[in-house]
Structure formats: structure tokens, C-alpha cells
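Below is one structure; the comments refer to it alone.
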Amino acid sequence: MNTNDYAIRLERSEDYRAVESLVRESFGNVYRPGCSEHYVIHVLRDDPAFIRELDFVMEQDGRLIGQNMFTQTIIEADDGRVIPVLTMGPISITPELKHRGYGKTLLDYSLKKAEGLGYGAVLFEGNIGFYGKCGFTYAREFGIRYHDLPESADDSFFLCKELIQGYLDGITGVYQTPQGYYVDDSDVAAFDKDFPPK
Ligand SMILES: CC(C)(COP(=O)(O)OP(=O)(O)OC[C@H]1O[C@@H](n2cnc3c(N)ncnc32)[C@H](O)[C@@H]1OP(=O)(O)O)[C@@H](O)C(=O)NCCC(=O)NCCS
């Protein structure tokens, strides 16, 4: 990766379809046959919890090669407080440019912007192999539990990074995934019909 062969900017409405295609190509058949993430972003953009100021695309030679986005959510603290936090994703890099450093670059940039807007922490489900390079660690180390997960279950997918150091000090509680991330398979299938067959 060349450090000056890309640009990162906010997503515009005219990018929507191309970004959905990018996400579909990037996630398609990676975690399961097909994917739902292109429909998730389609729905999320209209969600009140979605943060337009943190909805980024990465461009190279006038073509979209990556995207990342954030949504507001909460931790329901055990002491009754409601702690506002961010969740992130989907994040993706176009298949032919994966593993060249673009994902980390986009992620680091996005996190800096989120920090600049004053958000305190980011939590989501992901692979520590990638996100660990950008300062994420297991959310359990902060005393935060994943909603609806039995205590004995593996929670190593559930990651956290403080953007304000100490933001989660003295807090234990349960993280809630924003409702916008839950989509029906039938809606995904209907939406997917408008894309070229894979
Ligand atoms: C995950 C994704 C965004 C990473 O972007 P990328 O440009 O391929 O990653 P980078 O090249 O910046 O990798 C940064 C580091 O993370 C590691 N890494 C990248 N993807 C990884 C993965 N899936 N699992 C484990 N480690 C990974 C790399 O080894 C690299 O470390 P290194 O520099 O020491 O070699 C990209 O591969 C992608 O779009 N994947 C499909 C969609 C997806 O899975 N999104 C995330 C869902 S949680």
C-alpha cells in the first residue's frame, strides 16, 4: 500500500449503491453463503442511531475501495446508569485489495474522527487478529458483557476500545447491539435480487 494513493471522505447519497455493491463483494461467502451486510447498511443509514459524520468511504483513482460506519448504542450498567457508546461496522475493503494495509488505515482514521467528536468507547463483534492491531481488546477486560450471552459462553468475539481513556472505569454492564443490525433473511433475499447474481 502506498501512503498517498487513496483518499478517505464521508459517504454521499450518490455513493450508496456502489458502497452496497462493495460491501456485498467484500462480505459475500466469507462468513456464510452470500451475506446480509449490504442490506444492513441500506437499512442502517435511515436509523436515528446512525452517525452520518462517521460514515466513511475510501477511494483510489476515483473508485470506492473501502467503507466503514458507526452507530450509537448503550451499555446498561449494573448500577442503573445508561452509558452511551459507539458500535462500528460493517467495515470492508474491496476483495482484490485486502491484506495490504487499507483496512487498518481506514479503521485508524475512523477511530480518530470518532475520538475527535468526543465519543468515549467503541464496542462490537470482530476478530481480535485484525482489530487488535488498532488497539481493541476483549470487552470482558472492561467488565462489559454481551447481551443474551450465557456466562460460560465464548465471548472472545466481543471487542472494545476506549476512545477517552478511563471512560469505562468503574462501569460493569451489558452492551446492546442496535436494533438496526437485525434484518430478516427474507428482506435480504428480496434486496439482493437487484444485484448481479454471484
Ligand atoms: C477485515 C478487513 C476490513 C481488513 O482489511 P484489510 O485491508 O484486509 O486488512 P489490513 O491489510 O489493513 O490488515 C491489518 C492487519 O490485520 C490483520 N488482518 C486483516 N484481516 C484479518 C482477519 N480477517 N483476521 C485476522 N487478522 C486479519 C492483517 O494480518 C494485518 O496485520 P499485519 O499488518 O501485521 O500483517 C478486510 O479484509 C475485509 O473487508 N474483509 C471482509 C469483510 C470483513 O470481514 N469485515 C470485518 C467484519 S468484523
Side-chain angles (χ1 to χ4, degrees), residues 1-11 15-45 50-51 54-61 63-73 85-114 121-140 144 146-147 149 153-161 163 175-178 180-183 188 191-192 195 198:
M1 179 189 146
N2 187 326
T3 50
N4 54 17
D5 71 349
Y6 66 86
I8 300 173
R9 62 165 174 82
L10 290 174
E11 187 185 31
D15 300 321
Y16 286 178
R17 184 66 175 190
V19 172
E20 287 158 10
S21 292
L22 164 71
V23 169
R24 183 173 181 262
E25 289 305 315
S26 185
F27 276 89
N29 301 332
V30 171
Y31 298 102
R32 59 175 187 140
C35 70
S36 59
E37 283 79 0
H38 57 316
Y39 182 61
V40 168
I41 68 167
H42 183 75
V43 173
L44 266 187
R45 294 193 194 99
F50 180 69
I51 307 169
L54 296 176
D55 173 20
F56 299 108
V57 294
M58 194 176 213
E59 277 183 321
Q60 187 183 61
D61 299 328
R63 159 181 99 106
L64 295 173
I65 61 162
Q67 61 71 229
N68 190 23
M69 51 179 61
F70 293 78
T71 305
Q72 295 174 350
T73 188
V85 292
L86 294 180
T87 192
M88 199 194 83
I91 177 172
S92 57
I93 295 294
T94 196
E96 65 276 19
L97 292 179
K98 284 179 187 172
H99 298 288
R100 296 194 196 180
Y102 290 105
K104 183 176 185 316
T105 300
L106 176 58
L107 182 52
D108 285 339
Y109 177 95
S110 315
L111 292 169
K112 264 270 166 273
K113 289 290 181 186
V122 187
L123 297 98
F124 58 87
E125 304 100 63
N127 182 323
I128 193 75
F130 173 54
Y131 296 105
K133 314 261 181 192
C134 296
F136 282 86
T137 187
Y138 301 114
R140 77 170 93 89
I144 311 301
Y146 192 78
H147 58 89
L149 194 69
D154 177 15
D155 63 356
S156 59
F157 64 89
F158 180 38
L159 309 180
C160 177
K161 177 181 165 97
L163 300 177
Y175 159 87
Q176 297 297 342
T177 298
Y181 282 90
Y182 297 103
V183 291
V188 175
F191 182 70
D192 202 59
F195 291 81
K198 272 177 89 67

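As the structure lists them, so they are numbered: ligands from 1, and atoms in each ligand from 1.
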**Asked** If only atom types and distance count, is the side chain of Ser26 paired as donor or acceptor with the main-chain N or O of Leu22 below 3.5 Å?
**Response** no

**Message:** Is it the case that the side chains of Gln60 and Tyr102 hold a donor-acceptor pair, with the cut-off being a distance below 3.5 Å and no angle test?
**Reply:** yes

**Message:** Has Gln67 got a side-chain atom pairing as donor or acceptor with Ser92's backbone, closer than 3.5 angstrom?
**Reply:** yes

**Request:** Output, in order, the C-alpha distance, side-chain angles, deciding distance and verdict of salt bridge (Lys or Arg N to Asp or Glu O under 4.0 Å) for Lys104 and Asp108.
**Result:** CA-CA 6 Å; Lys104 183 176 185 316; Asp108 285 339; 2.7 Å; yes

**Those protein residues which place at least one heavy atom below 4.0 Å from ligand 1** = Ser26, Phe27, Tyr31, Ile91, Ser92, Ile93, Lys98, His99, Arg100, Gly101, Tyr102, Gly103, Lys104, Glu125, Asn127, Gly129, Phe130, Tyr131, Lys133

**Request:** Compute the centroid of each ring, for His38 and then for Phe27, and state whether the two points are separated by less than 6.0 Å.
**Result:** no

**Item:** Arg100 and Asp5 ion-paired at < 4.0 Å
**Value:** no

